[in-house]
Chemist: 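Can you read through this structure? Questions will come right after.
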Amino acid sequence: MAGKEPLIAERKDSRKEGVALAAWKMEDALNERLVDEYPRGLEARNLHFKASAANSHFKRAMWLMLLVTVMETPTWCETDDNFLTYMEPTKRCAIPGVPQREVLLSNMPYIPPGWGVAVELFVMLLVVRKLLLERSLQVKHFSKLGPKGIDYHSLPVINFGLCMCALHLVDCVVFVHFRPNFRLAFVARTGYLCMLPAVRRLGHCISAVVGEFMSIAVFYAGTIVFFAWIAVVMFDDVKGEVNGQPVNKGFSTFRATLNTMFIAGSTDEFVDCFILTYTANRATGLLWLLFLVIVHVLLLNLVLDTLVAAYTGYQEHAEEVDSAEAVEGIREAFQNLAEEDRLAGGQPDLVTEAMFLEFITEFSRSPNVRPIPEKNADIVFRSVDKDGSGHIDEEEFFNICGIAQYDFWTTQLDSPVKRWFPGCWDSVLFKGVRAAVINGGFDQLMNLVLMVNLGLVITESVYDLNDWTETPLMENLELSFSLVYVTEVLVKLSVWDFGYYWSFYSNIFDFSTTWLLLASSVLDEMAASSDGSNLKRYMNILRLLRLLRVLKQLKRLRKVQLMVETISTIVTLSAPIMTLTGVVTYFFSTLAVQLWGGILYESNPALAESEYAEKKFWVFNFNDFLTSFGVWVVSLICEYVPVFPDAVSRASGVTGSWLVFLAFYVGGVSIVFELLKAFTIEAFVEIHKTWELPDSENEHLKAIGDTFLEQGLYFHFRIVGDPATHEKIMNALEEKCKELEEHSHGHGHGAAAGHGAAGGHGAH
């Protein structure tokens, strides 16, 4: 017996390793990062857990870094004094000889420079820890697999991140010691953001299609240069004025002409570019018409369409590959579990319930997945194991994986009133209230209240627009309606358990808006009764919350629900490309503060007679991050605003720094932002096609719900993570299940794991 104990212990360790390997493959398959081979030891799995937890901390650290960027003291301001103590922004960022009213800031309080450096070092520590753990996992375990190793964590990316950390550390040391007016921290911070998976994935995608984009873009740029050459030859020596301006304004030199033709060909300001020459000589209209048709209508759209088409094709191919890899990873996980069960004396190609529960326990240990309680796992197993044999085959395992794509939970239906006050609960009056809440009669009553309240909102708006004094009755009604909505929430919570109530998005919306409305009404009363109070200036803003009452009514309409769901889905789907857009804008915003902070103000003689001064764009400056961010958002939406580079070229001492705007136009506007717009439109068109389709129902989720209902619990579920990823995997699983059923010679186990409504109880 003593000789068998080591063998038994070795077999247990091997079983744990096999289950851990299956859980790891399953986890990566669902997260779209499956690799060809995995290390089998538990040491690698535990190190993976540490690296995953560190990655979660890294993502939180990025939010902290963004907050510091918003609130940090700009380096062009006073950083020598009060390094560790707070100082008013208007005093810290004063320009000698310039009235403070001309130095327009974002009005955000700035944290002391020393505090900012301390937070930066903390963020850097979290980044270094993540990178070192990933490097350890890669070098110790994955690099030793196969003839050339497995690239689980990219060493070039890790080395890049460590270089950014080193740069950041050196920059912090130099700043603390010398307090320069220029820092390189923005480069390191942007580097951290570029390590985010969404940014890296889209970066690879764009780099793969940028070749096609550049082939057309070069022809587009060459055409602009050609027309610029024609224009400068025609107008460089033209004399005369139109409306007090030279006829050849913008065409006096080749450089000026090139800038004018670029603006005319890339933006909607071509009228301003050509109006003087066209007024002086209408025949030039033929030249400008030819230019606009070729450049503005044909080539510009061709450049953007080429980029979007290449990106769409790349994404579709990547999605097909990811879906196939996800199915393959799930299949490999099942094979690992089945093999471990066979070695333990089980039947081949089957997984017992005990093995499955052990697998779910191991799977739930990872920080990258949402844990599945063992009790829920048991119910899921029994819902799929239709024949009650106590084991599942590959098709049934795929069905379980389809269910694992959802986050599900259970709640009680009845509120604590039933347990704490049984007499009240069983009274005739309260039974009537319960019936009204459950059958919808109470909601119909509240609909009538909302319609009356809508009339009050319209009346109040008319009074506000005409500066009429509201009657005392109207003021009292406003607060009264807010109290009615509070009563609505309390009545529902007296009937339903809070967990059940909170499982529905409509109730979350009602709960949140109700307390916001009450707060706005109370604050409105306080503002109206306090003469000279600072609260008065916010009264009109608070009154805008009246519109939430209208939304409470509109959200009951089916079309409104569909539109809200569509918008939320589009936002979720476009999160990666929106993240990339944000990273690009972040980089240029922080760079601009370093280059041009404190140079754009009204009394700057370099800006005299500039269009920037004529339009009084003083608030669009680069004095801190938020004001700089506003400039780049305007440039992003308007595509190119020549006023800004012109002002910078006049006021900046850095020669050629205005070219940063051209770089932003090419990288941020023409590529990233155009992809965002195209993706949004395409996503809406695809989602709109499903509006009239009935919601499909996952039979296994329904079976789970019925099981919980027998226990007096209500089952709720919603999709975990990206709905697009969910749908891709569910469709792939459905196809795989159909394939397995076709090969089962009539011995299949039911329907495939089709994707159900996106959330069941709790998604609406």
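All residue numbers in this chain count up from 1 along the given sequence.
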Chemist: Taking the six-membered ring for Trp, are Phe227 and Phe291 parallel (under 30°), tilted (30 to 60°) or perpendicular (over 60°)?
Modeler: perpendicular

Chemist: Hey, does the side chain of Tyr586 reach the backbone of Leu66 with a donor-acceptor pair shorter than 3.5 angstrom?
Modeler: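 Here the side-chain-to-backbone pair does not exist.
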
Chemist: So that I can tick it off, tell me whether Glu72 and Arg189 are bridged by a salt bridge, with the cut-off set at under 4.0 angstrom between side-chain N and carboxylate O.
Modeler: yes

Chemist: Less than 4.5 Å apart, side chain to side chain, heavy atoms only: is that true for Pro576 and Arg201?
Modeler: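 No, every pair of side-chain atoms sits at 4.5 Å or beyond.
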
Chemist: Are Pro645 and Tyr640 close enough that some pair of their side-chain heavy atoms sits under 4.5 Å apart?
Modeler: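 Pro645 vs Tyr640: side chains touch.
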
Chemist: What are the two closest non-hydrogen atoms of His168 and Ala188, and how far apart are they?
Modeler: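 Nearest pair, atom of His168 first, then Ala188: CB-CB, 3.6 Å.
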
Chemist: So, using ring pair (Phe, Tyr, Trp, His ring centres under 6.0 Å) as the criterion, who are the partners of Tyr220 when residues are at least two apart?
Modeler: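 Applying ring pair (Phe, Tyr, Trp, His ring centres under 6.0 Å) to Tyr220 gives none.
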
Chemist: Would you confirm whether Arg92, through its side chain, and Glu78, through its main-chain N or O, come within 3.5 Å as a donor-acceptor pair?
Modeler: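 Yes, Arg92 side chain to Glu78 backbone: donor-acceptor pair under 3.5 Å.
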
Chemist: So, the side chain of Asn621 versus the backbone of Trp618: is there a donor-acceptor pair under 3.5 Å, distance only?
Modeler: yes

Chemist: Looking only at heavy atoms, which two atoms of Cys165 and Tyr192 are closest? And how far apart?
Modeler: CA-OH, 3.4 Å

Chemist: So, for Ser635 and Val641, which heavy atoms are closest and what is the spacing to 0.1 Å?
Modeler: CA-CG2, 4.2 Å

Chemist: So which heavy atom on Thr257 is nearest to which on Ala231, and how close?
Modeler: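 Closest heavy-atom pair between Thr257 and Ala231: CG2-CB, 3.8 Å.
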
Chemist: Are Val295 and Met261 close enough that some pair of their side-chain heavy atoms sits under 4.5 Å apart?
Modeler: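 No, side chains not in contact.
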
Chemist: Between Phe182 and Phe186, what is the ring plane arrangement, given parallel below 30°, perpendicular above 60°, and tilted in between?
Modeler: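 Geometry flag for Phe186 against Phe182: perpendicular rings.
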
Chemist: Any side-chain heavy-atom pair from Leu595 and Val648 closer than 4.5 angstrom?
Modeler: no

Chemist: Is the backbone of Ile263 close enough, under 3.5 Å, to the side chain of Ser266 for a donor and an acceptor to pair up by distance?
Modeler: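 The answer is no, because no donor-acceptor pair under 3.5 Å joins these two groups.
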
Chemist: Is the side chain of Tyr601 donor-acceptor paired with the backbone N or O of Val103 at a distance under 3.5 Å, no angle test?
Modeler: no

Chemist: Could you tell me which non-hydrogen atom of Leu131 sits nearest to which non-hydrogen atom of Leu162, and how far apart they are?
Modeler: CD1-N, 3.5 Å

Chemist: So does Leu155 get a backbone contact from the side chain of Asn159, meaning a donor-acceptor N/O pair under 3.5 Å?
Modeler: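 Side chain of Asn159 to backbone of Leu155: a pair is present.
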
Chemist: If you count every heavy atom of other residues, nucleotides or ligands that lies below 6.0 Å from Asn243 atom CG, does the total exceed 12?
Modeler: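 Incorrect, the count does not exceed 12.
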
Chemist: Can you confirm whether His57 sits close enough to Lys130 that some side-chain heavy atom of one is under 4.5 Å from a side-chain heavy atom of the other?
Modeler: no

Chemist: Which salt bridge (Lys or Arg N to Asp or Glu O under 4.0 Å) pairs, counting each pair once, include a residue from residues 635-655, with sequence neighbours left out?
Modeler: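 Residue pairs passing salt bridge (Lys or Arg N to Asp or Glu O under 4.0 Å), neighbours aside: Glu639-Lys677, Asp646-Arg650.
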
Chemist: Between Glu102 and Ser603 (side chain of the first, backbone of the second, donor and acceptor by atom type, cut-off under 3.5 Å), is there such a pair?
Modeler: yes

Chemist: Got a donor-acceptor contact below 3.5 angstrom from the Arg179 side chain to the Thr79 backbone?
Modeler: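 Yes; at least one donor-acceptor contact below 3.5 Å.
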
Chemist: Going by the rule ring pair (Phe, Tyr, Trp, His ring centres under 6.0 Å), which residues pair with Phe684 if we only count those two or more places apart in sequence or in a different chain?
Modeler: His688

Chemist: Between the side chain of Asn248 and the main-chain N/O of Phe235, is any donor-acceptor distance below 3.5 Å?
Modeler: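 Confirmed, Asn248 side chain pairs with Phe235 backbone.
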
Chemist: Can you tell me if Trp76 uses its side chain to pair, donor with acceptor, with the backbone of Asn623 under 3.5 Å?
Modeler: yes

Chemist: So, do Val238 and Phe251 sit near enough that their side-chain heavy atoms are less than 4.5 Å apart?
Modeler: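 Side-chain contact under 4.5 Å: no.
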
Chemist: If the plane angle is over 60° it's perpendicular, under 30° parallel, otherwise tilted; pick one for Phe270 and His296.
Modeler: perpendicular

Chemist: Students often mix this up, so state it plainly: with edges at 30° and 60°, are the rings of Trp632 and Phe588 parallel, tilted or perpendicular?
Modeler: tilted

Chemist: Side chains of Leu105 and Thr627, heavy atoms from C-beta outward: is any pair under 4.5 Å?
Modeler: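 Contact flag for Leu105/Thr627 side chains = no.
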
Chemist: Looking only at non-hydrogen atoms, find the nearest pair between Phe274 and Ala264 and report the distance.
Modeler: CZ-CB, 3.5 Å

Chemist: Is there side-chain contact between Thr581 and Leu636, with at least one heavy-atom pair below 4.5 Å?
Modeler: yes

Chemist: Please verify the inter-ring angle class for Phe262 with Tyr665; under 30° counts as parallel, over 60° as perpendicular, anything in between as tilted.
Modeler: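 Phe262 and Tyr665: perpendicular rings.
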
